[in-house]
Amino acid sequence: MSTAPAPAVTSAPETTPVASPPPHRTPASAWVLLVTLATIWGTSFILMKKGLVVFSALELGATRVSVAAVLLLPFALRHVGKVERSRFKWLVLSGVVGTLIPAFLFAYAETRMASGLAGVLNALTAVFTLVVGAALFGQKLTGLRVLGIGLGLVGTVVLMLLGGSGGDATPSGESNAWYGLYIVLATLGYGVSVNVIKHHLHGIPSLAVTGLLLLFIGGPALAYLLLGTEFLHKLATVPGAWKAFGYIALLATMSTAVAMVLFNKLIQSSTALFAASNTYLVPIMALGWGLLDGEQFNLWHLLGMLIILVSVAIIHRAK
């Protein structure tokens, strides 16, 4: 989840420029970022599934955050002195609710759910982005936007209830839709984070936003991983542990570090709602990887995905 170049940073030591409002028309580059992110994040669910073969959900979540934080540490240190201290609380909030907690919630959900279904439920991010934006940030609610969000939710329901959940391909050997509630909570956190970045962290280069929020949450995650789990013991003694770690490292590199940079850039170049609509495309990739890994696929999946794509178009055109 190739990294896009970050905008130039102002030379002022303690301030960052305030970005002008995004243009009314979404630029073509935003659509490119949208598709790229959907591809990267759509792959993350199968990577989590492979990592859970050896490591627990808590170990996977902590490893994912720790590796991503280490990767972006040089960029965080370069920018930490150039960002206003008053914005640190928003970076911490975004990091905790939009990265740290969801890393654990998604991993725990996938101990009982098929990876494709997890990717489907991830589409709820756009719903919560709209709800949180309207409730806390004055986001304008229009009939067309509500229609787009509603269609996306309908597509999600079709995929989840009628399309099947993967059956025997789930890590535990059985499907448990109730574990989807963990993903619902995670996507609520995503919705909060998207709005916080859009409204309180504007003007900060996307690479800096990502690196700094990972800097604030990476230390606790790494300490927990090394001191509070059996991660190192498993890595040294369990067959296949290094392979599973490789999947998690790839997950952290692409789906957490690289994708977060691209996502923050997308938020700054479009709207929060349009940025979150990438999650409607994620199920297509997630279900595709699940199919290759033996999870079920049927015509209801196809119908659900088509509804989701229509919803993305409607959201983009909404005023």
Side-chain angles (χ1 to χ4, degrees), residues 1-10 13-14 16-17 19 33 36-41 43-44 47-48 51 59-85 87-107 125 186 189-190 192-194 196-198 200-226 231 245-269 275 278:
M1 285 199 147
S2 157
T3 305
V9 182
T10 178
E14 294 295 332
T16 53
L33 285 174
T36 302
L37 281 166
T39 302
I40 294 174
W41 272 332
T43 307
S44 65
L47 293 176
M48 280 187 273
E59 291 164 346
L60 189 151
T63 303
R64 178 179 182 177
V65 173
S66 300
V67 172
V70 170
L71 288 172
L72 293 184
L73 181 60
F75 303 100
L77 295 177
R78 188 177 73 180
H79 289 287
V80 67
K82 301 176 182 179
V83 175
E84 297 161 312
R85 299 299 183 268
R87 295 192 178 194
F88 280 10
K89 61 179 179 291
W90 301 115
L91 287 163
V92 172
L93 176 61
S94 179
V96 171
V97 304
T99 301
L100 183 64
I101 294 176
F104 293 106
L105 292 176
F106 267 94
T125 297
Y190 287 159
V192 173
S193 180
V194 167
V196 166
I197 292 171
K198 186 65 180 178
H200 293 292
L201 298 175
H202 53 76
I204 304 177
S206 59
L207 186 58
V209 170
T210 307
L212 288 172
L213 67 84
L214 284 171
L215 174 67
F216 294 134
I217 66 175
L222 183 60
Y224 170 73
L225 178 67
L226 299 180
F231 171 77
F245 172 71
Y247 287 122
I248 301 174
L250 181 60
L251 172 71
T253 301
M254 297 304 296
S255 299
T256 302
V258 173
M260 283 176 60
V261 173
L262 298 181
F263 185 59
N264 292 335
K265 189 174 183 63
L266 177 61
I267 293 173
Q268 294 172 345
S269 64
N278 84 87

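Just so it is clear, the values below take in all heavy atoms, side chains as well, and ignore hydrogens, waters and symmetry mates.
Partners of T63 according to the side chain to side chain donor-acceptor pair (under 3.5 Å) rule, which considers only residues two or more places apart in sequence or in another chain, do not exist here. For L93, the side chain to side chain contact (heavy atoms under 4.5 Å, CB included) test picks out W90, V97, V196, with sequence neighbours left out.
At distances below 3.5 Å, not a single donor-acceptor pair connects side-chain atoms of R64 with backbone N or O atoms of F104.
Atom-to-atom distance recorded for L100:CG and S193:OG is 11.5 Å, nearest 0.5 angstrom. Considering CG of L60 and CZ of F231, their distance stands at 10.0 Å, rounded to 0.5 Å. Taken to the nearest 0.5 Å, the OG1 atom of T210 stands 10.0 Å off from the CG atom of L201. The structure places CG of L207 at 10.0 Å from NZ of K265, a figure rounded to the nearest 0.5 Å. With rounding to the nearest 0.5 Å, the separation of CZ in F106 from CG in L251 is 11.0 Å. A distance of 12.5 Å separates NZ in K82 from CD1 in I204, rounded to the nearest 0.5 Å.
Y247 approaches L47 most closely through the heavy-atom pair CD2-CD2, 3.8 Å. Considering every non-hydrogen atom in both L225 and E59, the closest pair reads CD1-O, 3.8 Å.
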Side chains of residues 66-77: which donor-acceptor pairs under 3.5 Å do they make with residues two or more places apart or in other chains?
unit_1	atom_1	unit_2	atom_2	d
S66	OG	A62	O	2.7
S66	OG	L222	N	3.2

Under 3.5 Å, sequence neighbours excluded: what are the donor-acceptor pairs made by side chains of residues 212-221?
none

